[in-house]
**Q** 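Let me begin by handing over the structure; questions about it come next.
Per chain, numbering begins at 1; letters A, B, ... match sequence-line order.
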There are 2 protein chains.
Amino acid sequence: MTRSEENYLKTIFHLGGGDAKSITTNAIAEQMETKPSSVTDMAKKLSEKGLVDYVRYQGVSLTDAGVKTALSIIRKHRLWEVFLVKKLDFTWDEVHEVAEQLEHIKSEKLIDKIDELLDFPKYDPHGDPIPTKDGKFQERDEKLLSEIPINSQGVCVGVKDSSVPFLKFLDKNKIALGNTIKVLDKEDFDNSLRIQMEGKEMRISHQIAANLYVKKNN
Amino acid sequence: MTRSEENYLKTIFHLGGGDAKSITTNAIAEQMETKPSSVTDMAKKLSEKGLVDYVRYQGVSLTDAGVKTALSIIRKHRLWEVFLVKKLDFTWDEVHEVAEQLEHIKSEKLIDKIDELLDFPKYDPHGDPIPTKDGKFQERDEKLLSEIPINSQGVCVGVKDSSVPFLKFLDKNKIALGNTIKVLDKEDFDNSLRIQMEGKEMRISHQIAANLYVKKNN
DNA sequence: ATCTATTTTTAGATTTGTCTAAATTTAATT
DNA sequence: AATTAAATTTAGACAAATCTAAAAATAGAT
């Protein structure tokens, strides 16, 4: 399994190709910042290997073997992210790039030991669930902050957008996983929210609220 | 800097090419289990980049820039080895293969944090010195166990041969770094040694003694 | 149902790192 | 100094992963 093959499988999974849904070569190319023709080539190769189902002009979806491989890479990625944050004091906007490299290290023992060192975490620093060794995947049932009603509150458990600018914004505004956030008011005009977090009141835009997952507790 | 380029620089360094000594393409090919013609190709490429001096039919040696790069890779390799042993309970015969992969991870912050996490170790699990961040390299001044006189003793600080079979042998016979070993007697016939280690007496072959470094303390 | 715009694939080229086989250079021997 | 053996390089090929440009298929609109 080459690094490139692994990256394709991971991307297809993230685009939803694990649920037998067909993902277009264009969508994959865009996500990976490559050309559709390159995706076609790789689709054939992965199909040969039994990791994807590929029908010309229709797109690709992951086979069971493909899902399994994708999950093992995602598992490694997310465990390394936890390691970087918890053991090496990386901030959550710094971890992705390094984890993209570490996820390709081939050693089952290594990742199992990292898992153990971290005490078998269930979520990565962005709140995304970490698949288990046997590929079980705990889906997130949380809601976006923008979707919970006024006067309800929840604990911040993850982000939808994990781009560096967004994470830096959260850092700067002291919005962190684990914080309790209460929605005080919504502004009809621009859908911005007035919230209370850790005792302080603040106003955040709809764009922010639509990218923050919370677990409701009232 | 590609992974392959890094591996060549590392190999050339280990073969002595850091001391302006010319290393033959054959020697490099043998060490890397590749063909001399492949080495020639890479020699040209690294020469273009100013990392080696290459004279046709004469061999290659590292430039200052080449030494610097080689040392940074060796530094990463050895720090990861320490990490695997100290933090993840790998045995010293298991670490090499994984460290060969980890040494190519590109993140200065990552390796500096690993260094810090390990409290800035000076030696790796085989007793090899770890270059500092600025490329300073503490040469080992220890002697081989086979070369110290009868009735002198020393602390085991490293191995010359770090192959898996040898390391497994040491593990099995409870010969570990830090043990104090005293040479009681030498057998003229086969150069085998009678030694005392951690209270117990045992006999070891010349081949073993010639691959164990000790720091004399009398 | 046909036409057109978009998507997707094919064909051929490129880069990196490798190989084999042939040619060349060096070194060793007489 | 000539010859031979060994080491080294060159030339040409190949596989992986990518690209561009042209061809083919699909989907949407009338």
Side-chain angles (χ1 to χ4, degrees), chain A residues 1-17 20-62 66 69-70 73 100-101 103-106, chain B residues 1-17 20-62 66 69-70 73 100-101 103-106:
Chain A
M1 175 85 4
T2 68
R3 178 169 298 221
S4 186
E5 288 171 344
E6 291 184 348
N7 283 331
Y8 274 96
L9 292 177
K10 193 181 52 159
T11 300
I12 295 165
F13 183 91
H14 281 135
L15 291 172
K21 200 175 86 186
S22 236
I23 311 297
T24 65
T25 50
N26 246 14
I28 297 166
E30 191 176 343
Q31 180 73 23
M32 297 184 74
E33 296 184 2
T34 181
K35 303 293 166 180
S37 56
S38 306
V39 178
T40 300
D41 289 344
M42 185 56 85
K44 289 176 182 167
K45 193 177 168 194
L46 292 174
S47 175
E48 289 274 309
K49 293 194 171 190
L51 295 164
V52 304
D53 290 318
Y54 168 56
V55 182
R56 276 170 52 197
Y57 295 101
Q58 300 302 122
V60 296
S61 61
L62 297 175
T69 307
I73 298 156
E100 286 282 296
Q101 298 180 60
E103 74 190 3
H104 299 293
I105 300 291
K106 283 167 182 52
Chain B
M1 176 86 1
T2 69
R3 178 169 297 221
S4 187
E5 288 171 343
E6 291 185 349
N7 283 332
Y8 274 96
L9 291 178
K10 193 181 53 159
T11 300
I12 295 165
F13 184 91
H14 281 136
L15 290 172
K21 200 175 85 186
S22 236
I23 311 297
T24 64
T25 50
N26 246 14
I28 297 166
E30 192 176 343
Q31 180 74 23
M32 296 184 75
E33 296 184 0
T34 181
K35 303 292 165 179
S37 55
S38 306
V39 178
T40 300
D41 289 344
M42 185 56 84
K44 288 176 183 168
K45 192 177 168 194
L46 292 174
S47 175
E48 290 274 308
K49 293 194 172 193
L51 295 163
V52 304
D53 290 318
Y54 168 56
V55 183
R56 278 169 56 200
Y57 295 101
Q58 301 303 324
V60 296
S61 61
L62 296 175
T69 307
I73 298 155
E100 285 283 296
Q101 298 181 62
E103 73 190 5
H104 299 292
I105 301 291
K106 282 165 185 56

**Q** OP1 or OP2 of C:dT9 versus the side-chain N and O atoms of A:T25: is any pair under 4.0 Å?
**A**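 Affirmative; the distance criterion is met.
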
**Q** Within less than 4.0 Å of OP1 or OP2 of C:dT8, is there a side-chain N or O belonging to A:Y54?
**A**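 No, because none of the side-chain N or O atoms of A:Y54 sits under 4.0 Å from OP1 or OP2 of C:dT8.
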
**Q** Can you tell me how far P of C:dT16 sits from CG of B:D41, to the nearest Å?
**A**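 Nearest whole value for this atom pair: 12 Å.
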
**Q** Counting just side-chain N and O atoms, does A:K44 come under 4.0 Å of either OP1 or OP2 of C:dT10?
**A**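 For C:dT10, OP1/OP2 do have a side-chain N/O of A:K44 under 4.0 Å.
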
**Q** As a test of reading the structure: which of C:dT8, D:dT9, D:dT20 is closest to the side chain of A:Y57, going by heavy atoms?
**A**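 Output: C:dT8.
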
**Q** Are there more than 12 heavy atoms of other residues, nucleotides or ligands under 6.0 Å from atom NZ of B:K49?
**A**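 Result for NZ/B:K49: enclosed.
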
**Q** Looking for any heavy atom pair under 4.0 Å, which part of the strands does A:S38 touch: base, sugar-phosphate only, or nothing?
**A**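 If one applies the 4.0 Å heavy-atom cut-off, A:S38 turns out to touch a base.
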
**Q** Flag yes if more than 12 heavy atoms outside A:E30 fall under 6.0 Å of its CD atom; otherwise flag no.
**A**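 Not buried by this count: 12 neighbours or fewer within 6.0 Å.
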
**Q** Rounded to whole angstrom units, what separation is found between the CZ atom of A:R3 and the P atom of D:dT18?
**A**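 Nearest whole value for this atom pair: 12 Å.
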
**Q** Which listed nucleotide (C:dT18, D:dT18, C:dT16) is nearest to the side chain of B:M42?
**A**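 Of C:dT18, D:dT18, C:dT16, C:dT18 is nearest to the side chain of B:M42.
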
**Q** Given atom CD1 of A:I28 and atom P of D:dT18, what is their separation to the nearest angstrom?
**A**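 About 13 Å, once rounded to whole Å.
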
**Q** With a sphere of 6.0 Å drawn around NZ of A:K106, does it hold more than 12 non-hydrogen atoms of other residues, nucleotides or ligands?
**A**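 Yes, because the 6.0 Å sphere around NZ of A:K106 holds more than 12 heavy atoms from other groups.
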
**Q** Whole angstrom is fine here: how far is it from CG in A:L46 over to P in D:dA16?
**A**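 Computing the A:L46:CG to D:dA16:P distance gives 13 Å.
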
**Q** Any donor-acceptor pair, under 3.5 Å, between the side chain of A:S37 and the base of D:dT20, if you only look at N and O atoms?
**A**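 A donor-acceptor contact between them is present.
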
**Q** Would you classify A:S4 as touching base, sugar-phosphate or nothing, given that sugar-phosphate means primed atoms plus P, OP1 and OP2, and contacts are heavy atoms under 4.0 Å?
**A**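 Sugar-phosphate, backbone atoms only, no base.
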
**Q** Could you pick out which residue, A:P36 or A:Q58, lies toward the 5' side of DNA chain D when each is mapped onto its nearest nucleotide?
**A**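 Looking at DNA chain D, the more 5' nearest nucleotide goes with A:P36.
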
**Q** Between C1' on C:dT16 and OH on B:Y8, what's the gap in Å once rounded to a whole number?
**A**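 Result: 12 Å.
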
**Q** Quick check for you: among D:dT10, D:dT18, C:dT18, whose closest atom lies nearest to any side-chain atom of A:T34?
**A**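 Among D:dT10, D:dT18, C:dT18, the one nearest the side chain of A:T34 is D:dT18.
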
**Q** For B:K35 and D:dT10, what is the distance between atoms NZ and C1' respectively, to the nearest whole Å?
**A**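 Rounding to the nearest Å, NZ of B:K35 and C1' of D:dT10 are 17 Å apart.
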
**Q** Atom CD of B:E48 and atom P of C:dT16: how far apart are they, to the nearest Å?
**A**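 That distance rounds to 12 Å.
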
**Q** Distance check needed: C:dT16 P versus B:N7 CG, whole Å only.
**A**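 Result: 17 Å.
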
**Q** Identify the two heavy atoms, one from A:I23 and one from A:G16, that lie closest to each other, and give their separation to 0.1 Å.
**A**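 Shortest heavy-atom separation between A:I23 and A:G16 comes out as CD1-C, 3.9 Å.
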
**Q** Would you say B:R56 reaches C:dT24's phosphate, i.e. side-chain N/O to OP1/OP2 under 4.0 Å?
**A**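 False: B:R56 side-chain N/O out of range (4.0 Å or more) of C:dT24 OP1/OP2.
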
**Q** Is there side-chain contact between A:E5 and A:L51, with heavy atoms separated by less than 4.5 Å?
**A**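 Of all side-chain heavy-atom pairs linking A:L51 with A:E5, none is under 4.5 Å.
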
**Q** OP1 or OP2 of D:dA6 versus the side-chain N and O atoms of B:N26: is any pair under 4.0 Å?
**A**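 No, outside the criterion.
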
